[in-house]
Amino acid sequence: MKLSEALEQCPTELLVGGDWRPGADGRRITVHDPATAEPIASCASASEADAVAAVDAAALALPGWAATPARERSAVLRRAYELMTERADYFATLISAENGKALTDARAEVGYAAEFFRWYAEEAVRLAGTVQHAPAGGGRILVDRAPIGVAVLVTPWNYPAAMATRKIGPALAAGCAVVLKPAGETPLTALAVGALMAEAGAPAGVVNVVPAARSGAVVAAMLDRPAVRKLSFTGSTEVGRTLLRTAADRVLSTSMELGGNAPFLVLEDADPDVAVAAALLAKMRNGGEACTAANRFYVHESVADEFGARLAAAMGALRVGPGLDPGTEVGPLVNAAARTKVAELVEDAVARGARVLTGGRAPAGRGHYYEPTVLDRVAPDSAILAEEIFGPVAPLVRFRDEADAIRLANDTEYGLVSYVCTRDLGRGLAVAGALETGMVGVNRGVVSDPAAPFGGVKQSGLGREGGHEGILEYTETKYIAADW
Ligand code: NAD
């Protein structure tokens with residue numbers, strides 16, 4: 001689909017209580033194309049008053065939605081899955097245009113995003129409680145699940161559709177009404193998701209969407225409203241910490257999907273084909289702009305030369321270009337600041353002795369591009385091993401002893417995901433058990449699956465999204481002591 005056609009179809013006002021309306025103070029957010037740094041569209045920006053109106057609309061819609069039979073809520077989500085799948089081209093075009101990612105990545109995201117609707121359409125009708133005999137006798141213990149209430153959802157720019165549907169799906173399945181505050185870089189996809197939910201049959205006020213230029217003030221205003229019972233946030237650990245403090249004032253239930261610093265271990269008995277293919281996926285899916293992106297490669301010294309050479313050849317062969325060009329495999333980074341950060345991390349690593357096997361430059365010309373890069377023999381004190389790179393750069397560190405590799409892998413405050421490659425499954429599972437992360441990929445470079453509980457330990461987050469666990473985040477446990 002042509003970008004002009006997609007932009008024509010995409011709403012650009014706030015979605016509040018079923019109405020599309022401009023922001024109360026008339027402000028707008030300009031959306032830029034990362035391939036050119038030029039503006040491509042604008043949308044309304046919510047003020048605090050707009051955001052509070054969205055919370056009030058959700059509060060008004062909540063009782064009706066919570067009382068709607070699960071089968072009907074499920075049907076709305078199923079319809080959302082079908083509509084998003086039918087319109088994959090439209091969503092992929094919007095995602096690629098405002099985020100910059102290659103169309104192939106954008107299409108993959110749409111498939112992933114739609115699957116959350118399908119999965120939670122199936123979960124909506126399977127939310128069960130328990131009944132047990134009180135051990136002391138004389139009564140029964142009934143445990144029920146009730147919708148938690150109005151949920152505020154705050155999402156990042158790197159997966160503008162999937163991070164929204166991963167929250168909206170389980171929230172609606174559980175019977176909650178939501179206000180989505182998307183990232184300022186990628187509001188169009190979120191507004192398109194809002195329109196899709198209305199078309200799928202979500203009643204007015206059940207899904208509200210409020211992009212906001214002043215995200216701090218606007219989210220704080222929403223969290224201050226008594227009707228709000230839940231905050232689900234995906235983004236950086238730094239902003240997550242701030243929001244946890246704010247949420248503490250009202251003792252809000254929070255789910256936090258935060259930053260990562262994923263280690264990728266290649267043991268000496270790894271199948272080289274499997275290790276390189278998994279590394280390429282773990283590093284380059286979404287151009288490296290993923291919380292799950294492999295951030296540090298620990299490679300056994302006996303296989304490091306071959307692994308480094310093969311990964312560099314594969315990374316160096318990737319076609320870099322505008323996301324919307326059909327031949328592009330790696331698009332630009334989201335903005336100038338993201339590219340500057342990547343360039344500085346590479347410069348620091350090289351200054352400390354790293355060898356550039358491929359890439360290592362930001363090409364001249366317009367657009368926020370950075371070359372796919374592999375760095376070998378990265379020194380342990382390099383900033384690139386401690387910080388989230390969020391770009392197409394693979395730093396390699398050699399190890400001799402498996403225990404050392406595990407110690408280095410765990411030497412971080414992050415704990416989202418890790419990867420290990422080995423032909424010995426028993427050994428792989430033992431290493432997986434020793435790695436301090438919420439998720440581990442064994443001989444594979446992607447762990448994300450709508451049917452699986454996604455989330456981190458340590459400062460990578462609280463709670464899980466996806467799987468059966470994902471719907472529980474939007475429920476309260478209600479215990480009833482009963483005699484009969
Ligand atoms: P970010 O933390 O800057 O922003 C995330 C969201 O929070 C955006 O909507 C932003 O507008 C909003 N925000 C920013 N400051 C705020 C404040 N003070 N109060 C309230 N809201 C505020 O993150 P980003 O740059 O958009 O996304 C990249 C980060 O997200 C990376 O750290 C990445 O690892 C993380 N991420 C994590 C997951 C996961 O599932 N764990 C998934 C995707 C991205």
Side-chain angles (χ1 to χ4, degrees), residues 29 34 45-46 48 51 98-101 109 112-113 116 152-167 179-187 189-190 209-224 228 231-247 252 254-262 285-295 333-335 337-338 341-342 387-391 412-417 437-439 447-450 452-467 469-470 473:
I29 295 174
S45 171
E48 287 95 321
E98 59 180 357
N99 166 285
K101 69 177 74 177
E109 177 181 349
Y112 179 51
F116 284 103
V152 169
L153 316 176
V154 181
T155 51
W157 49 262
N158 68 335
Y159 284 96
M163 296 304 95
T165 63
R166 199 164 80 170
K167 299 183 190 305
V179 182
L180 170 65
K181 205 301 288 170
E185 292 84 350
T186 55
T189 307
V209 185
V210 290
R214 293 179 306 107
S215 49
V218 163
V219 172
M222 290 197 279
L223 298 187
D224 203 33
V228 172
L231 166 65
S232 179
F233 172 76
T234 298
S236 61
T237 296
E238 190 189 343
V239 173
R241 261 188 225 111
T242 304
L243 287 177
L244 278 169
R245 284 189 202 105
T246 309
L252 285 184
T254 58
S255 299
M256 294 273 150
E257 296 287 349
L258 307 179
N261 179 9
R285 199 166 69 111
N286 228 37
E289 291 178 310
C291 52
T292 49
N295 212 58
L333 296 174
V334 71
N335 56 31
K341 180 184 175 186
V342 171
E387 287 182 37
E388 207 175 15
I389 305 167
F390 242 59
T412 169
E413 270 312 311
Y414 292 106
L416 188 62
V417 61
T437 56
M439 304 176 285
V447 296
S448 305
D449 188 322
F454 184 107
V457 300
K458 293 158 94 176
Q459 293 196 28
S460 283
L462 299 167
R464 294 293 181 268
E465 289 191 319
E469 288 83 346
E473 303 271 327

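As the structure lists them, so they are numbered: ligands from 1, and atoms in each ligand from 1. We use all heavy atoms of the structure for the numbers below, so side chains are in, but hydrogens, waters and symmetry mates are not.
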Is a side-chain donor or acceptor of Lys101 paired with a backbone partner of Arg285 at a separation under 3.5 angstrom?
no
Counting distance only, does the side-chain N/O of Thr237 pair as donor-acceptor with the main-chain N or O of Gly259 below 3.5 Å?
yes
Would Arg214 and Glu48 pass as an ion pair if we require N to O under 4.0 Å?
yes
At a 4.0 angstrom heavy-atom cut-off, what protein residues surround ligand 1?
Val154, Thr155, Pro156, Trp157, Asn158, Met163, Arg166, Lys181, Pro182, Ala183, Ser215, Gly216, Val219, Phe233, Thr234, Gly235, Ser236, Val239, Leu243, Glu257, Leu258, Gly259, Gly260, Cys291, Glu388, Phe390, Leu416, Phe454
What residues, two or more places apart in sequence or in another chain, satisfy side-chain hydrogen bond (donor to acceptor under 3.5 Å, both in side chains) together with Ser45?
none
Please list, chain by chain and in numerical order, all residues satisfying ring-ring contact (aromatic ring centres under 6.0 Å, His included) with Tyr414, sequence neighbours excluded.
none
Under the side-chain hydrogen bond (donor to acceptor under 3.5 Å, both in side chains) test, residues paired with Thr189 that sit two or more places apart
Glu98
